[in-house]
Q: 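Handing you this structure, nothing more for now.
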Amino acid sequence: MIGVVVVDDDFRVAQVHAEFTDRVSGFRVLGIAHTAARARELIDEQSPDLVLLDNYLPDHDGIALLAELETDAIMLTAATDPATVRAAFAAGALNYLVKPFTAEQLADRLNAFARYHARLPVTGGAIDQEEIDRALKLLREGDRPAAPKGRSSLTTQLVLDALRNDGRARSAAEIADELGISRATAQRYLASLTQEGQAIMTLRYGASGRPEHQYEPIPGAR
C-alpha cells in the first residue's frame with residue numbers, strides 16, 4: 001500500500017481529496033492536515049510515500065513546505081500563475097493538478113505515481129539512464145487535460161460574457177448571483193475557462209487573510 005498524507009486548509013476539500021484517494025486501489029490515506037505545522041507532524045509520525053499538498057495554508061506556503069520535505073509530493077492547488085507552477089516543480093513537486101478536478105483525474109495521476117514508485121524504489125542498487133527515462137515516462141502517463149464533459153456551451157458563453165461585460169475582476173460568487181447558478185457551478189466553469197486560456201485567475205486578500213479567487217477575461221481570447 002502507498003501511504004498518503006493530504007494537506008489542505010479547507011476541511012471539506014481535504015476530506016474530498018482523501019475520499020478520492022482511498023478509492024484508488026493500492027493507496028491508503030494515513031492522515032489529513034490543515035496547516036503546515038500539522039503536516040510536518042503527520043509526515044514525521046506516519047512516514048508517507050506521498051503527500052498531496054495545497055499551496056494556500058494559513059501558517060506557511062505549501063511550496064515552502066514542499067522544499068523542506070524528502071517525501072514525494074503532488075501539488076493540488078487552485079494557483080494557475082506560471083511563477084507558482086515553476087516554483088512548485090523547482091521545489092520538488094512530481095506533478096501539479098489544478099482545482100477543481102475530478103476523482104478520475106486524480107486517480108490517473110495516483111496510478112501513474114504508483115507505476116513510477118514501483119519502477120524507481122527508494123532503496124535498491126544503481127540504475128541506468130534507460131531505467132530513469134522509463135520511470136519519468138511512467139510518471140507522466142496519467143496526465144490529461146480537464147475534460148469538458150457535462151459542460152453546457154450556453155452556460156460557458158454566459159459566464160464568459162459576464163466576465164467581459166463587467167470590465168473588472170470578478171469572483172465566482174458574483175458570477176453565480178448574476179446568472180442565477182450555484183457558486184460551485186460558476187467556479188467550475190471559471191476554472192475551465194482559465195485552463196482553456198480564455199480567462200486569468202488572480203488572488204485578492206480580504207480581512208480574513210484567506211485569498212479569494214478573482215477572474216478576468218483575456219483580451220482577444222475566443
Side-chain angles (χ1 to χ4, degrees), residues 1-8 14 16-33 36 39-57 60-147 191 194-197:
M1 296 292 287
I2 294 176
V4 180
V5 164
V6 176
V7 184
D8 197 294
V16 169
H17 292 172
E19 291 172 0
F20 282 178
T21 302
D22 276 332
R23 294 179 198 171
V24 181
S25 177
F27 286 82
R28 180 166 62 95
V29 174
L30 304 176
I32 297 174
R40 291 189 190 95
E41 293 175 351
L42 266 179
I43 292 166
D44 287 342
E45 294 167 4
Q46 301 293 337
S47 298
D49 302 293
L50 179 67
V51 177
L52 300 181
L53 181 61
D54 185 20
N55 191 41
Y56 303 120
L57 302 175
H60 208 48
D61 284 346
I63 291 175
L65 173 62
L66 173 61
E68 303 173 12
L69 302 179
E70 296 182 1
T71 308
D72 288 335
I74 295 174
M75 296 296 296
L76 306 182
T77 178
T80 57
D81 60 288
T84 298
V85 176
R86 288 176 63 90
F89 284 117
L94 291 181
N95 214 321
Y96 195 107
L97 188 56
V98 176
K99 300 175 185 176
F101 49 79
T102 65
E104 182 183 17
Q105 286 175 301
L106 180 57
D108 287 338
R109 284 157 175 80
L110 292 177
N111 285 323
F113 172 79
R115 293 189 290 270
Y116 162 84
H117 188 263
R119 175 70 65 173
L120 200 63
V122 176
T123 59
I127 57 176
D128 59 21
Q129 185 64 53
E130 184 178 350
E131 282 295 303
I132 295 172
D133 292 343
R134 188 175 293 115
L136 291 175
K137 182 179 179 181
L138 289 171
L139 186 61
R140 290 290 178 259
E141 282 182 349
D143 294 356
R144 63 171 63 178
T194 300
Q195 292 173 355
E196 293 167 2

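Side-chain atoms are counted along with the backbone in the values below, which use heavy atoms only and exclude waters and symmetry mates.
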Q: My understanding is that only residues two or more places apart in sequence, or in another chain, count here; which of them pass salt bridge (Lys or Arg N to Asp or Glu O under 4.0 Å) with R40?
A: E68
Q: Under the salt bridge (Lys or Arg N to Asp or Glu O under 4.0 Å) definition, can you give me all pairs with a residue in residues 82-100, not counting sequence neighbours?
A: D8-K99, D54-K99
Q: Looking at OH of Y116 and CG of L50, how far apart are the two atoms once the value is rounded to the nearest 0.5 Å?
A: 10.5 Å
Q: With sequence neighbours left out, what residues match A64 under side-chain contact (heavy atoms from CB on, under 4.5 Å)?
A: H60, D61
Q: Using the ring pair (Phe, Tyr, Trp, His ring centres under 6.0 Å) rule, collect all pairs that involve residues 92-115, keeping only residues at least two apart or in two chains.
A: H17-F101, F113-H117
Q: For the pair I63 and M75, evaluate side chain to side chain contact (heavy atoms under 4.5 Å, CB included) and give the outcome as yes or no after the intermediate values.
A: CA-CA 8 Å; I63 291 175; M75 296 296 296; 3.9 Å; yes
Q: CG/L65 to CG/L57 distance, rounded to the nearest 0.5 angstrom?
A: 7.0 Å
Q: Using the salt bridge (Lys or Arg N to Asp or Glu O under 4.0 Å) rule, collect all pairs that involve residues 72-84, keeping only residues at least two apart or in two chains.
A: none
Q: For R134, which residues count as a side chain to side chain donor-acceptor pair (under 3.5 Å) partner, sequence neighbours excluded?
A: E130, E131
Q: Please report the shortest heavy-atom distance between P48 and G3, naming the atom on each side.
A: CB-O, 3.6 Å
Q: Could you pull out all residues at least two apart from T102 that satisfy side-chain contact (heavy atoms from CB on, under 4.5 Å)?
A: E104, Q105
Q: How long is the straight-line distance from CG of L30 back to CD1 of I2, given to the nearest 0.5 Å?
A: 11.0 Å
Q: Taking only residues two or more places apart in sequence or in another chain, which ones pass side-chain contact (heavy atoms from CB on, under 4.5 Å) with T21?
A: V4, F27, V29, L52, L106, L110
Q: Q129: which residues meet the side-chain contact (heavy atoms from CB on, under 4.5 Å) condition with it, sequence neighbours left out?
A: I132, D133
Q: Hey, could you give me the CD/CZ distance between Q46 and R28, rounded to the nearest 0.5 Å?
A: 8.0 Å
Q: For a 4.5 angstrom cut-off between non-hydrogen side-chain atoms, does V51 reach V7?
A: yes
Q: Under the ring pair (Phe, Tyr, Trp, His ring centres under 6.0 Å) test, which residues partner F89, sequence neighbours left out?
A: none
Q: Quick check: closest heavy atoms across I32 and A18, and the distance to 0.1 Å?
A: CD1-CB, 3.7 Å
Q: Quick one: which residue pairs count as a salt bridge (Lys or Arg N to Asp or Glu O under 4.0 Å) with a foot in residues 44-53, not counting sequence neighbours?
A: R38-E45
